[in-house]
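Notes follow once the structure below has been shown.
Since we're looking at a predicted model, the values are computed, not measured. Order of appearance sets the numbers: ligands from 1, and atoms from 1 within every ligand.
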Amino acid sequence: MTIRTATLNKVLTIEIARPEKKNALTQAMYTAMAAALEAANTDAGVRAVLITGQPGIFTSGNDIDDFMQRPPSLGRDGEDTPVTRFMHALLDCDKPVVAAVTGAAVGIGTTLLLHCDLVYVSDEARLAMPFVSLGLVPEYASSLVLPALIGHVKAAEKLMLGEPFTGSDAVDCGIANAVLPAGEVVNHARRMAERFNTLAPGAVADTKRLMRAPQRARIREVMAAEGALFGQRLRSPEATEAFQAFFQKRKPDFSKF
Ligand code: COA
């Protein structure tokens, strides 16, 4: 089992559990997470969702072998791809979504945080969106949301240089709410998620919809533009070199491009 789900005390937990591959996300895992979010959205017994990983690792992002073997053919924003179904389910979730970032959060592991409501980060966490290092481009509106949140030059460090950053940096940037000791981050995030149990669920959902409404259409447009480019770049010689380098445990050589 690579995605574990359980509802306890009105909080649906989605736990990424593939530690032997650093919680890399396969198409089947995106499908499982999408289905869990979609079900939570209409389940009156769920007041909030908690997304978490394993000790030391939140997720290393998309499974790079999946990128090589099964690159989506119609652009990454195609409704039919499991990753897009998952990201749309996250974007459309009216219930509060809380993330407990238990360790490294790479690629979509950081991108998805931009669409959560409350984010708690372990003091061991390292976040990164190293798309350029893989010959790729930002995804799921991170090229819109991140510069809007932290300004162009700070976003350029993270998206154009692909520089990793700490949990404290994430808090300073407004990506995360707080840094917690590694052993406490999940329990803290769970307690925060459980706070919604005593609040009026309709008012919480309407508040979330209002907060998201001004950007919603623009986010979808940018997601589509990024997705089309992402699909092309997955097949580019630059990306092929980067994926091969990853599995050969060497640095990619972009000098020939
Ligand atoms: N896709 C597929 N396999 C992955 C993976 C990914 N995204 N991330 C890690 N793995 C695999 C490794 O290939 C390795 O497999 P092996 O044991 O069969 O050789 C195993 O998981 C352990 O990874 P390793 O790199 O040895 O662990 P680490 O602790 O040294 O580093 C990370 C952890 C997360 C920093 C590192 O694995 C990493 O950078 N992963 C890729 C991140 C990435 O570029 N994601 C895509 C973003 S779009």
What are the polar N/O contacts of ligand 1 with the protein below 3.5 Å, with distances?
{"residue": "ligand 1", "atom": "1 (N)", "partner": "Ile64", "partner atom": "N", "Å": "2.8"}
{"residue": "ligand 1", "atom": "7 (N)", "partner": "Ser60", "partner atom": "O", "Å": "3.3"}
{"residue": "ligand 1", "atom": "7 (N)", "partner": "Ser60", "partner atom": "OG", "Å": "3.4"}
{"residue": "ligand 1", "atom": "7 (N)", "partner": "Asn62", "partner atom": "O", "Å": "3.1"}
{"residue": "ligand 1", "atom": "8 (N)", "partner": "Ser60", "partner atom": "OG", "Å": "3.0"}
{"residue": "ligand 1", "atom": "15 (O)", "partner": "Lys21", "partner atom": "NZ", "Å": "3.3"}
{"residue": "ligand 1", "atom": "18 (O)", "partner": "Lys21", "partner atom": "NZ", "Å": "2.7"}
{"residue": "ligand 1", "atom": "19 (O)", "partner": "Lys249", "partner atom": "NZ", "Å": "3.1"}
{"residue": "ligand 1", "atom": "29 (O)", "partner": "Lys22", "partner atom": "NZ", "Å": "3.3"}
{"residue": "ligand 1", "atom": "45 (N)", "partner": "Ser60", "partner atom": "O", "Å": "2.7"}

Which donor-acceptor pairs under 3.5 Å do side chains of residues 157-167 form with protein atoms, sequence neighbours excluded?
{"residue": "Thr166", "atom": "OG1", "partner": "Ser168", "partner atom": "N", "Å": "3.4"}
{"residue": "Thr166", "atom": "OG1", "partner": "Asp169", "partner atom": "N", "Å": "3.1"}
{"residue": "Thr166", "atom": "OG1", "partner": "Asp169", "partner atom": "OD2", "Å": "3.3"}

Inset, instruction - Apply side chain to side chain donor-acceptor pair (under 3.5 Å) to the pair Glu226 and Ser143, showing each step before the final yes or no. - result: CA-CA 8 Å; Glu226 291 169 336; Ser143 65; 2.4 Å; yes
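Side chains of Tyr140 and Thr84: a donor on one and an acceptor on the other come within 3.5 Å. Remark: the Thr111 side chain and the Glu139 side chain contain an N/O donor-acceptor pair separated by less than 3.5 Å.
When Asp117, Asp94, Asp92, Asp206 are each tested for a salt bridge (charged side-chain N to carboxylate O under 4.0 Å, His left out) with Arg212, only one passes: Asp117.
You'll find the side chain of Ile14 reaches within 4.5 Å of the side chain of Leu37, heavy atoms only.
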